[in-house]
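Inspection log for the structure reproduced underneath, given as structure tokens.
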Amino acid sequence: MPSLKDLKLRIETVKSTRKITRAMQMVAAAKLRRAQEAAESARPYAEHLNAIMANLSAGAAGSGSAPPALIGTGQDQIHLLIAATSERGLCGGFNSSIVRLVRSHLRQLRSDGKTVKIITIGKKGREQLKRDCSDLVIDHVDLSGYRAITYDIAQKIAEDVMRRFEAGEFDVGTVFFSRFRSVISQMPTAMQLIPARVDAPANDTGTESRCYEYEPGEDEILAELVPRAIANQIFTALLENSASEQGARMSAMDNATRNAGEMIDKLTIVYNRSRQAAITKELIEIISGAEAL
């Protein structure tokens, strides 16, 4: 049975922890609003760019001059997995759910006899993946020095991915991230970058039947547009990840604050009972001593 001093110290410690988790919850709520607005603002552009790419790729499908990043190398032996996670923890199962999806994809590819390479974005995913597949991690992108996600970050990552693809280092590239739905719902997602999958949006009816004339030509436009589309997909994934991270952290800190409150209530009850028992014991000793006299 802990002493009254130990119980009081533990109650004060839990109260301090509750102040921290409550403050982190408020900070995450403020960051979530900005991150959610950024992710939602990027979606219309991504959908329209995807619609244009779908139209162009449909016309260039049978062309031998189509960009390799669009049609692929004709093989799928070497796969590049890009795991995008957060730089900080205390966000519930956000990072673990993404890493779990990467590992599931990794096991499936290995069972099919494929060669796998991994690029990690964010410290937390790197820490988890290096435990059991450190030999597969070929590069890491550190985002700790950036205060916000910008297109320049995504463009640098896309340029590195394109350089590796053009050098023949992989055949298929896939990025893993968490798509933001709500504060309590984030969906781990695998999105193939290379060969580019450019399905027209569901709400864009009749995209396939539209007829456009492009100048100078579809192949020239695709050669310029495909790298930009890949950079935009990575940028969208990072924005979705940022919003999902703040939503997961807000939920986790809210749960931690409520759990700390419940623990304080239980410890207070134990403290009061122990204190009352100590007082009762002292009174009994005093009364017993007085009667003995």
Side-chain angles (χ1 to χ4, degrees), residues 38-39 42 45-46 49-50 53 57 66-88 95 98-99 101-103 105-106 109 114-130 133-179 188-198 221-242 244-245:
Y45 178 82
L49 180 59
N50 202 32
M53 289 288 296
S57 60
L70 179 65
I71 61 176
T73 61
Q75 301 178 353
D76 65 342
Q77 181 60 33
I78 306 176
H79 287 251
L80 177 67
L81 310 183
I82 306 171
T85 55
S86 68
E87 290 289 339
R88 299 176 180 84
N95 293 306
I98 298 174
V99 172
L101 181 61
V102 174
R103 285 174 173 161
H105 205 74
L106 173 62
L109 291 173
K114 309 296 184 183
T115 302
V116 180
K117 300 178 180 180
I118 299 175
I119 293 178
T120 57
I121 302 174
K123 183 177 70 174
K124 292 303 177 180
R126 179 173 178 267
E127 290 175 350
Q128 295 189 40
L129 288 171
K130 289 196 72 173
C133 49
S134 59
D135 55 323
L136 303 179
V137 179
I138 62 173
D139 200 3
H140 172 68
V141 179
D142 186 5
L143 299 180
S144 59
Y146 299 95
R147 297 186 62 182
I149 300 298
T150 62
Y151 184 78
D152 291 338
I153 299 173
Q155 191 172 26
K156 291 179 182 178
I157 298 173
E159 289 173 355
D160 180 63
V161 171
M162 286 297 297
R163 179 184 58 80
R164 294 177 183 275
F165 175 72
E166 292 170 356
E169 295 186 16
F170 68 94
D171 301 315
V172 180
T174 307
V175 62
F176 295 83
F177 64 99
S178 185
R179 191 177 298 278
T189 304
M191 180 171 60
Q192 183 172 307
L193 298 176
I194 300 176
R197 287 187 176 177
V198 285
I221 294 176
L222 279 173
E224 178 69 24
L225 201 58
V226 169
R228 184 174 299 183
I230 292 174
N232 183 73
Q233 287 177 316
I234 294 176
F235 182 51
T236 301
L238 294 179
L239 289 178
E240 294 281 349
N241 239 22
S242 178
S244 297
E245 175 191 352

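Quick note: numbers below take in every heavy atom, side chains included, and nothing from hydrogens, waters or symmetry partners.
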Any [X] side-chain heavy atom under 4.5 Å of [Y] side chain:
X    : Y    : result
L225 : L49  : yes
H105 : F176 : yes
N95  : Q128 : yes
S86  : N241 : no
T120 : T85  : no
Q77  : T115 : yes
I118 : I138 : no
K117 : E169 : yes

Between [atom1] of [X] and [atom2] of [Y], what distance do you get to the nearest 0.5 Å?
X    : Y    : atom1 : atom2 : value
T150 : F235 : OG1   : CZ    : 7.0 Å
I157 : M162 : CD1   : CE    : 14.5 Å
L136 : L106 : CG    : CG    : 6.0 Å
I153 : I121 : CD1   : CD1   : 10.0 Å
I230 : F165 : CD1   : CZ    : 8.0 Å
K123 : S144 : NZ    : OG    : 7.5 Å

[X] side chain vs [Y] backbone, donor-acceptor pair below 3.5 Å:
X    : Y    : value
E87  : L143 : yes
T236 : N232 : yes
T174 : L81  : no

Criterion side chain to side chain contact (heavy atoms under 4.5 Å, CB included) on D142 and H140, from CA distance to verdict: CA-CA 6 Å; D142 186 5; H140 172 68; 4.2 Å; yes

Any idea which heavy atoms bring [X] and [Y] closest together, and the distance?
X    : Y    : value
A231 : A154 : O-CB, 3.6 Å
S244 : S178 : OG-O, 2.9 Å
Q192 : P195 : NE2-O, 2.9 Å
A83  : V102 : CB-CG2, 3.9 Å
I98  : A84  : CD1-O, 3.4 Å
A38  : L239 : O-CD1, 3.8 Å

Side chain to side chain contact (heavy atoms under 4.5 Å, CB included) between I82 and F177, worked out: CA-CA 9 Å; I82 306 171; F177 64 99; over 6 Å; no

Ionic contact status for K114 with D76, cut-off 4.0 Å: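 A salt bridge links D76 with K114.
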
Of all pairs that satisfy salt bridge (Lys or Arg N to Asp or Glu O under 4.0 Å), the ones with a partner from residues 148-161, not counting sequence neighbours: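 Residue pairs passing salt bridge (Lys or Arg N to Asp or Glu O under 4.0 Å), neighbours aside: D160-R163, D160-R164.
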
Evaluation steps, side chain to side chain contact (heavy atoms under 4.5 Å, CB included), between L80 and L193: CA-CA 10 Å; L80 177 67; L193 298 176; over 6 Å; no

Verdict with supporting geometry, L129 and V99, side chain to side chain contact (heavy atoms under 4.5 Å, CB included): CA-CA 7 Å; L129 288 171; V99 172; 3.8 Å; yes

